[in-house]
Amino acid sequence: MVTKVLCVAEKPSIARAVANHLSGGQINSRNVQGNQYVKNYEFHCNLAAWGACSVTMTSVLGHLLSHDFEDRYRKWNSCEPSALFEARIETYVEDDKKAVAGNIERQARYAQYLYIWTDCDREGEHIGTEIRQVATHGNQALRQPGKTVRARFSNVERAHILNAASNPVALDEAQANAVMSRIELDLRIGATFTRNLTLSIQPMLQGRFGAEERQVISYGSCQFPTLGFVVERYLRVRNFVPETFWTIKVMHEKHGIKVNFRWARDHLFDRVAVIVLFERCLTARVARVTGVQTKPASKWKPLPLTTVELQKCGSRFLRMDSHRVMQVAEGLYQKGWISYPRTETDQFDRGMDLRALVQKQTQGGAWAQFAQALVNGGFSQPRQGRNNDKAHPPIHPVNFVLPTQLSAEEQRVHEFVVRRFLACCSQDARGSKTEISILYGPETFHTGGLAVLERNYLDVYPYDRWTSSQELPEFREGETFEPTEAMMRDGQTSPPGYLTEPELIALMDVNGIGTDATMAEHIKKIKDRQYVETRPRGRRQREDDDDGEQSDGEMPDEAAAAAGRGRGRARGRGARGGANARGGATAGVQEFIPTTLGVALVEGYENMGFETSLTKPFLRKEMELKMKAICESRKTKADVIHETIEQYRDVYVRTQLRLDALRAAVRKYVFGENG
DNA sequence: GCAAGGTC
């Protein structure tokens, strides 16, 4: 007797890949009426748990079920917004998912087992329970213990899939519950605050922002902190007070080469102190070389590509905002040129045949020769990053395509993905770094030089810069000289720049705001809501320190601070402030400036004086911790929902009492009134 | 007319 098994993946691409591996080639592929993406794959195979099986492998398209308040609460004026804290929520299949759900329900009727193949992350676990819910609607027997199982897999390599197929496990109910509480809380809190904000502020704004009569002023646990980052930086720029500092510059000319030495103290804000130190230098007259060190230096090849990194690089190098980059990457994925573009993983699985993927890129394109050189022995295993979402590999090219077959934007994204991948499979760049220290009077000064000896990955990855500095004349330890020039100079600290998109993404990333798939959407949302505007960053005159350091300033101070690493002072209050010093690379980058409405919202809430700020990332972090607690069975879904709702109910009540502060902020910023 | 998360 053949056992009938229904397998359901999270997306069509996984269903197809898994079906191919399990079937051994004999597959019957059927369309699902009413949906152009989902297909049913029918085949026979042996599964360890059940023996000879007749399998139907299909998929959903992400979440299958939707949630909304019951009908009588859906009209905005149907109730006081805070009634949504406890209004009944209905679960239903959205119209555009009816065909997918119907397919699963029908297929389930004939199945003895339901085998879930969703991604092995929290959302995937929850989607698994949605599939089970729909399937058991068609076939009650699948509710029995052991009849519904799931596969544990983290990539679609053949051996890995075959192994996963033989070792089914149970769905992780705790993870699914964690997601369920996230869904409920975001809905209740988002809808309550959004209605309240809109209904109480919108009348003040009529006709003020564009043509829209009814502009929604939304609150969400992700969009508000995102706005908060933009406003915080804006205020730092606006409130910046330049400070004068003093420094000592030493230059020595030797063998016709002018060498500038940097003061070890960099600069001080006390003029008299610098005068005293400078005079001691002059009194000493000669400087003595205290250290000469030449050592190998290398610039590491980049890590395998994650979504966050793709988005940051898109803003920096491809002149596309994060949302556009994802749209283009999605197209490339669907046409089969690149792998799944939503991933947090920066480690390639050891089992992956990367050489074969490199080989494909030898067929053409500007990088063909480089790829050939890797095939001919230059190949080096990619570095391993620290992230693995256990669901998808890093983004990489999966097939060769001639650039001429792609649109201009597709070419840029595709080229970046290919070059990044080839760079990962190359050797680090090698060089030699020389550091020279001198003691001049009581003060230490440094200079250094870099010689790039082997470019290696840099040849295929023009997005990184690492160039040799001018050659240094020879200095010997103990040697003394009278500096050609020694001067005391003053300067002024300069404000940080407005937040750029790569910086914003980095902030969201370290603070856990949004996911790889949604960060770009949150950014787009605060633009659409007219909380922020973007403009191309002007070419500000800055002293770029192109000394070949690894740092590219991608972690803004706010990120470090919020992430609990005290890096705020590390860079000092130097002449470069918070600049993103990376040569011309940032020329096309967009910077974010809040609108008057954006500032008003943040200021308004800040001025209410709550200890838990809605505009700071901590609440979202707290939610993340609570979800983790559910996953580890330290809390129940009911506990978390209850305590979180009470917390927000409190904020809501106090918001009502202080609505005047919010309205005052709107008047102040949007209408330029005082008070 | 609300959120954030999947996916197309």
Side-chain angles (χ1 to χ4, degrees), chain A residues 9-15 32 35-39 59-69 73-79 81-85 87 89 94 96-97 99-100 118-119 121-131 175-176 178-199 201-202 212-226 307 326-327 329-335 340-343 389 391-392 508 512-526 528-529 614 619-620 623-624 627 644 648:
Chain A
E10 184 164 325
K11 44 188 163 270
S13 59
I14 296 287
V32 170
N35 189 288
Q36 54 174 315
Y37 306 107
V38 172
K39 298 211 169 5
S59 73
V60 289
L61 297 158
H63 284 286
L64 191 53
L65 303 178
S66 299
H67 309 269
D68 204 351
F69 302 104
Y73 292 102
R74 289 196 196 175
K75 285 237 163 31
W76 279 43
N77 288 309
S78 63
C79 63
S82 62
L84 301 177
F85 281 136
I89 292 175
E94 197 74 64
D96 62 345
K97 296 287 174 67
V100 182
T118 49
D119 293 352
D121 51 23
R122 238 167 22 201
E123 297 293 332
E125 225 60 45
H126 183 261
I127 293 169
T129 63
E130 295 181 334
I131 293 166
Q175 287 194 52
V179 170
M180 194 56 238
S181 59
R182 194 255 317 145
I183 291 171
E184 182 172 339
L185 289 169
D186 278 337
L187 175 60
R188 290 193 188 284
I189 297 162
T192 303
F193 279 85
T194 298
R195 285 189 192 180
N196 181 238
L197 263 179
T198 304
L199 295 174
I201 301 291
Q202 188 190 68
E212 296 97 315
E213 280 291 293
R214 303 207 301 178
Q215 191 201 348
V216 171
I217 305 166
S218 56
Y219 168 81
S221 59
C222 289
Q223 42 181 285
F224 248 54
T226 305
T307 303
M326 288 312 290
Q327 283 181 327
E330 176 69 26
L332 291 168
Y333 159 68
Q334 286 188 33
K335 285 179 224 163
Y340 194 66
R342 292 181 278 277
T343 174
D389 62 18
H392 310 97
M508 296 172 74
I513 304 299
T515 68
D516 49 10
T518 61
M519 274 168 20
E521 287 170 28
H522 298 313
I523 294 174
K524 186 169 179 295
K525 180 143 280 174
I526 63 171
D528 291 346
R529 293 274 191 253
L614 294 182
L619 278 174
R620 191 67 188 72
M623 167 97 84
E624 198 60 38
M627 284 170 72
T644 308
Y648 277 88

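Order of the sequence lines fixes the chain letters, A, B, ..., with proteins taken first and strands second; residue numbering starts at 1 for each chain. Predicted model, so just to flag it, every value in this text is computed and none were measured.
- A:Thr192 comes within 4.0 angstrom of nothing in the nucleic acid, heavy atoms only.
- Place A:Tyr37 and A:Gln223 on DNA chain B by their nearest nucleotides, and A:Gln223 ends up nearer the 5' end.
- Counting any heavy atom pair closer than 4.0 Å across all strands shown, A:Phe224 reaches no nucleic acid atom.
- Here A:Pro12 lies in heavy-atom contact (under 4.0 Å) with sugar-phosphate atoms only.
- When heavy atoms are screened at a 4.0 angstrom cut-off, A:Arg529 is found touching the sugar-phosphate backbone but no base atom.
- Within the nucleic acid shown, A:Lys75 has no heavy atom closer than 4.0 Å to any nucleic acid atom.
- Backbone-only contact: A:Gly514 has heavy atoms under 4.0 Å from sugar-phosphate atoms and none from a base.
- Ring geometry, A:His67 versus A:His126: the interplanar angle falls from 30° to 60°, so the pair is classed tilted.
- Backbone-only engagement by A:Tyr333 is indicated by non-hydrogen atom pairs under 4.0 Å involving sugar-phosphate atoms exclusively.
- Side-chain contact check for A:Arg188 versus A:Ile89: some heavy-atom pair is nearer than 4.5 Å.
- Within 4.0 Å of A:His522, counting heavy atoms only, lie sugar-phosphate atoms of the nucleic acid but no base atom.
- The footprint of chain A on DNA chain B, defined by a heavy-atom cutoff below 4.0 Å, extends from B:dG1 to B:dC8.
- Comparing A:Thr518 and A:Ala191 against DNA chain B, the residue whose closest nucleotide sits nearer the 5' end is A:Ala191.
- Looking at heavy atoms from C-beta onward, A:Asp119 lies in side-chain contact with A:His392 at the 4.5 angstrom threshold.
- A:Tyr219 comes within 4.0 angstrom of sugar-phosphate atoms only, judged by non-hydrogen atoms across all strands, and of no base.
- Residue contacts for A:Arg182: at a heavy-atom cut-off of 4.0 Å it reaches a base atom on one of the strands shown.
- At the heavy-atom level, A:Ile183 lies under 4.0 Å from base atoms of the strands shown.
- Counting any heavy atom pair closer than 4.0 Å across all strands shown, A:Asp68 reaches a base atom.
- For A:Phe69, there are no ring-ring contact (aromatic ring centres under 6.0 Å, His included) partners, not counting sequence neighbours.
- Side-chain atoms of A:Thr192 and A:Tyr648 include no donor-acceptor pair closer than 3.5 Å.
- Between A:Tyr219 and A:Phe193, the ring-plane angle classifies as tilted under the 30° and 60° cut-offs.
- The only option from A:Glu330, A:Glu521, A:Glu10 that meets the salt bridge (Lys or Arg N to Asp or Glu O under 4.0 Å) definition with A:Arg342 turns out to be A:Glu330.
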